[in-house]
Amino acid sequence: MNVDFQQEQKRLNGVMKVITEQILQLESETSELRNEVVNIRKHFWDEIKVNTDTFDDFLETVISLRQEAQALSVSQSTHSRVAKRLATLRRMQTVPYFGRIDFLEEGYAAQEQIYIGISSLMDASGEDFLIYDWRAPISSVYYDYEPGAAQYTTPGGKIYGKLEKKWQYVIRDGELQSMFDTSLTIGDDILQQVLGKGTDKYMQSIVATIQQEQNRIIRHDQGRLLVVHGAAGSGKTSAALQRIAFLLYKYRDRLKADQIILFSPNAMFNSYVSNVLPELGEENMQQVTFQEYLDHRLSKEFQIENPFDQLEYVLTAANTSSYDARVKGIQFKASGRFFEVIKLYREALEKSDMLFKDVKFRGKIIVSAQQLAEKFYSGDISFDFHSRLEKLKDWLMNQIKEIEKIERRQSWVEEEIELLSNEAYHKIHKYLAEKNGFEREELADYEMDHEALIRVIVRQKLKPLRKQIQALDFIDIEGIYKQLFADLLLIQQWLEGEVPEEWVEICQATLQMLEAGKLYYEDATPFLLLQELIQGFQTNRSIKHIFIDEAQDYSPFQFEFLKRLFPSAKMTVLGDFNQAIFAHASEVVDFQVLNHLYGEDQTEVINITRSYRSTKPIIEFTRSLIVNGEKIIPFERAGELPVLTQVKNHTELHRCIMSKVAALQSQGYKSIAIICKSAEESKAAFEALAKIDDIKLLKYGSAEYEQGVVVIPSYLAKGIEFEAVIIYNVSAQIYGDDSLRRILYTACTRAMHELQLYSVGKPSLFMQKALQENFICIKSNF
């Protein structure tokens, strides 16, 4: 064992001792703080004398309450902070640090050794850093530079110097297993070890293997919009999660995890990435799918199609008569042009065509839709649209006051009084007594006036109606949206006649869905935008950062909507247009459409082309499937060629797949995906392969990413990786249309170590280049 290794192990022992000492200290503190919190909660009211006899007594009671609540809040906050630090130190017991730089700062005679780990650690004196957090400014030198001139940025300005050496460590359970003196950004030996491992049900942190281009994403901090366009397996999502951890560290005094929201592709993906931030000692950000947001806003009024049902239709219904019109409708309604149409339509409503609902009480119309429209358009047109709506609302509330007076004399009121339960009667009695100034002990002395009882009954019955009016529910948003499709000429005035050829069929299909109380997925965001433009935007200013993963699946319309929904937020967008599998993206090839979202001066685009997930042979094959695939650079990791097996029929297909799964399991693979084109094909494959032990079918709505053998549709596999992938049927019959090229590419790029493809009959023409250039091994069972 060389001297350097012995010295490093000796230093490591010292660091482990400090970590252990701090853990013991914090365990004691945590126990004391927990007891303190429990004690305060237990005796909270013992310290407070409730007295409301006089104003001074009341004020003293309020002050006592506030002091006790504040003491509880401080204790809970301190306990939470100490417990969080304790959890981080326990993680550091396994791997306290993973790298070191020897940095000579300009103007200093001696170099400093900077050890880098998942969190900072001070020595016992509290004066010197034993470990620097990977997010600290100086740590960026480790990721960005080879030995030589280097610099890093601090809040006080740039620091210049020289990177003398860079070391990498492999530490397991406090023991130094190996160390490398490397001139690479991250030594290939370490990266090979990490990438050669298996996967598990959670995505792992990549702080020890962050590459230079990923570090640029993580630490980017200018402008409103960061767009990351990266190849499959390039580490986009991992870098985004480390970016969230970096932002929480850099702005820890003013940014909390609940002010960051990640829009992810599906619930299963949420489960897959849920472990990354806690591993780094940070709380998870909010996670939501765009569909969940639409359901939250619209599901009370409509049954909303989800994006995967829309995609399932696109993948399986090509032979139906309505197919072309539906696809054209999807593309048109997802466009920036349609977004402008909705805005122009709302502006046109200022002059005509606003629709309202009849306002009814007890089944009778008390103010008709026609009256509301006449009132709205007869008002002062110098007021803006929303001011006119507010005036209409106020007028309507005054009408309700008059209705209330009339209803008090109606026979139904006395009937309601006779049917009152004892509990309801006493509740009203108590309310009126207190309203008339009676103290608690005097309530029994109050004699309730019958007229007062009538007023309460009528007011209670009118309360839901008043609530609806306050919410502007008297506006017929559904009717206004229908109007856009019922009048075939209406939309053309804003598009100069440039509507899809299938516009009549698109309109008919849209109206049929609306009549059935349903919304196509492509209609949900436009409908919600129109509602927001009419009733007033429900913006969320508390969110400071939004992250959109698999952003190629979002339409220009949806991006515009999210910008307005979160006006105070910066946006990070991550995607790969080679995996753009939704119909609206068929003609789009990059994120140039986003340049105008915040303006080019507020937008930065980072392209990352190196792919790390798969072995070099798998990447060489997958990039042959797509246009301009040669731009994707494989990481030099050896492996077997993908294999294409041609079979005669489905019986032979299933026998071969079952045999291959058994062989892969015997090789030690724990994560095997059988990827099908659609949910329909997945269901059939799952039923045919049911003899495979513990085989699982993953479908839309699956809440957790499963290990083992899974059957999954291509579009649900996005963002997830598997040790071995089997493509169920890559025949020309299944993958014949050019629009499916990206689907096949997406499915194949899920494979880390092994890729097996099966074809019933002739394989897809997408594989022609791979076959010609020997990127795939061919087997035939004919």
Side-chain angles (χ1 to χ4, degrees), residues 213-232 234-237 239-240 243-244 247 260-265 290 330-344 494-496 498 522 525-526 528-529 532-533 537 539-541 543-610 626-628 631-632 742:
E213 67 271 22
Q214 293 166 338
N215 195 45
R216 190 173 156 216
I217 295 164
I218 291 165
R219 295 173 188 264
H220 181 273
D221 207 15
Q222 294 87 40
R224 291 287 302 277
L225 175 63
L226 172 63
V227 178
V228 180
H229 191 198
S234 58
K236 300 182 295 296
T237 302
R243 172 165 167 71
I244 292 170
L247 290 168
I260 301 173
I261 189 164
L262 168 65
F263 281 90
S264 52
F290 195 74
I330 291 169
Q331 292 170 351
F332 178 67
K333 290 173 183 175
S335 68
R337 283 193 308 156
F338 193 54
F339 187 90
E340 291 304 315
V341 164
I342 297 293
K343 289 201 298 181
L344 291 168
W494 303 304
L495 287 171
E496 299 175 356
E498 291 182 19
E522 62 268 25
T525 313
L528 191 53
L529 175 68
E532 300 282 74
L533 290 173
F537 235 91
T539 56
N540 185 330
R541 293 186 177 276
I543 299 297
K544 302 304 178 189
H545 286 271
I546 61 173
F547 286 73
I548 302 173
D549 203 5
E550 302 295 348
Q552 72 278 353
D553 295 340
Y554 285 69
S555 68
F557 201 117
Q558 289 169 325
F559 279 116
E560 292 280 4
F561 182 80
L562 287 171
K563 174 190 171 182
R564 283 159 178 77
L565 181 61
F566 301 106
S568 301
K570 293 185 175 182
M571 188 184 290
T572 300
V573 166
L574 311 114
D576 174 15
F577 267 98
N578 289 317
Q579 298 179 66
I581 59 177
F582 283 87
H584 72 78
S586 62
E587 298 172 4
V588 184
V589 292
D590 58 32
F591 285 117
Q592 289 296 316
V593 70
L594 294 182
N595 282 348
H596 74 280
L597 201 61
Y598 295 100
E600 291 197 23
D601 61 325
Q602 290 292 313
T603 302
E604 179 160 356
V605 179
I606 297 177
N607 290 296
I608 47 177
T609 55
R610 186 176 294 275
I626 53 173
V627 178
N628 297 322
K631 293 180 180 178
I632 299 169
R742 290 165 173 168

**Q** Please round to the nearest 0.5 Å and tell me the distance separating atom CD of Glu213 and atom CZ of Arg610.
**A**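 The CD atom of Glu213 sits 7.0 Å away from the CZ atom of Arg610.
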
**Q** I need the Leu594 CG to Met571 CE distance, nearest 0.5 Å.
**A**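 Interatomic distance, Leu594 CG to Met571 CE, rounded to 0.5 Å: 8.0 Å.
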
**Q** Verify, without hydrogens or angle tests, whether Gln214 (side chain) and Ser234 (backbone) share a donor-acceptor contact under 3.5 angstrom.
**A**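 Yes; judged by distance alone, with no hydrogens or angles, the pair exists.
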
**Q** For the residue pair Thr603 / Asn595, report whether a side-chain donor-acceptor contact shorter than 3.5 Å exists.
**A**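 The answer is no; no qualifying pair exists.
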
**Q** Quick check: does any side chain N or O of Lys236 sit under 3.5 Å from a backbone N or O of Gly230, one acting as donor and the other as acceptor?
**A**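 Side chain of Lys236 to backbone of Gly230: a pair is present.
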
**Q** Determine the minimum heavy-atom distance between Ala569 and His545, stating which atoms define it.
**A**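 Nearest pair, atom of Ala569 first, then His545: CB-N, 4.0 Å.
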
**Q** Pick out which of Phe537, Phe263, Phe338, Phe339 makes a ring-ring contact (aromatic ring centres under 6.0 Å, His included) with Phe561.
**A**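 Between Phe561 and the candidates, ring-ring contact (aromatic ring centres under 6.0 Å, His included) is satisfied uniquely by Phe537.
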
**Q** Nearest 0.5 Å, please: how far is CD1 in Ile244 from CD1 in Ile218?
**A**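 Answer rounded to 0.5 Å: 11.0 Å.
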
**Q** Show me the pairs that pass salt bridge (charged side-chain N to carboxylate O under 4.0 Å, His left out) and involve residues 332-344, at least two apart or across chains.
**A**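 Qualifying pairs, neighbours excluded: Lys333-Asp523, Arg337-Glu498, Glu340-Lys343.
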
**Q** For a 4.5 angstrom cut-off between non-hydrogen side-chain atoms, does Glu604 reach Arg216?
**A**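 A side-chain contact exists here, since the closest heavy-atom pair is under 4.5 Å.
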
**Q** How far does OG1 of Thr525 sit from CZ of Phe559, to the nearest 0.5 angstrom?
**A**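 Taking OG1 in Thr525 and CZ in Phe559, the distance rounds to 11.5 Å.
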
**Q** Output, in order, the C-alpha distance, side-chain angles, deciding distance and verdict of side chain to side chain contact (heavy atoms under 4.5 Å, CB included) for Leu562 and Leu565.
**A** CA-CA 5 Å; Leu562 287 171; Leu565 181 61; 4.3 Å; yes

**Q** Name all pairs fulfilling the salt bridge (charged side-chain N to carboxylate O under 4.0 Å, His left out) condition that reach into residues 554-580, sequence neighbours left out, sorted by first residue then second.
**A**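 Matches after skipping sequence neighbours: Glu560-Arg564.
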
**Q** Is it the case that the side chain of Lys544 and the backbone of Ser568 share a donor-acceptor pair, with hydrogens and angles ignored and the cut-off at 3.5 Å?
**A**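 Checked: no pair found.
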
**Q** Determine whether Val573 and Tyr554 satisfy the following criterion, side chain to side chain contact (heavy atoms under 4.5 Å, CB included), listing intermediate values before the conclusion.
**A** CA-CA 10 Å; Val573 166; Tyr554 285 69; over 6 Å; no

**Q** List the steps and the verdict of side chain to side chain contact (heavy atoms under 4.5 Å, CB included) for Arg243 and Leu226.
**A** CA-CA 11 Å; Arg243 172 165 167 71; Leu226 172 63; 3.9 Å; yes

**Q** Picking from Thr572, Val228, Ile261, Thr237, what satisfies side chain to side chain contact (heavy atoms under 4.5 Å, CB included) with Phe547?
**A**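 With Phe547 as partner, Thr572, Val228, Ile261, Thr237 yield a single side chain to side chain contact (heavy atoms under 4.5 Å, CB included), made by Thr572.
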
**Q** Do Glu600 and Gln602 get their side chains close enough for a donor-acceptor pair, meaning under 3.5 Å?
**A**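 No - no donor-acceptor pair under 3.5 Å links their side chains.
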
**Q** List the atom of Ala334, the atom of Pro556, and the distance in Å for their closest heavy-atom pair.
**A**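 Heavy atoms of Ala334 and Pro556 come nearest at O-CD, 3.2 Å.
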
**Q** Does Asp553 form a side chain to side chain contact (heavy atoms under 4.5 Å, CB included) with Phe290? I'd like the steps, not just the answer.
**A** CA-CA 11 Å; Asp553 295 340; Phe290 195 74; over 6 Å; no

**Q** State, to 0.1 Å, how close His229 and Gly575 come at their nearest heavy-atom pair, and which atoms those are.
**A**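 That closest heavy-atom pairing would be CD2-O, 3.2 Å.
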
**Q** Rounded to the nearest 0.5 Å, how far apart are CD of Glu522 and CD of Gln331?
**A**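 Answer for the CD-CD pair, Glu522 versus Gln331, is 10.5 Å.
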
**Q** Measuring from Asn607:CG to Thr609:OG1, what's the distance to the nearest 0.5 Å?
**A**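 Atom-to-atom, Asn607:CG and Thr609:OG1 are 8.0 Å apart.
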
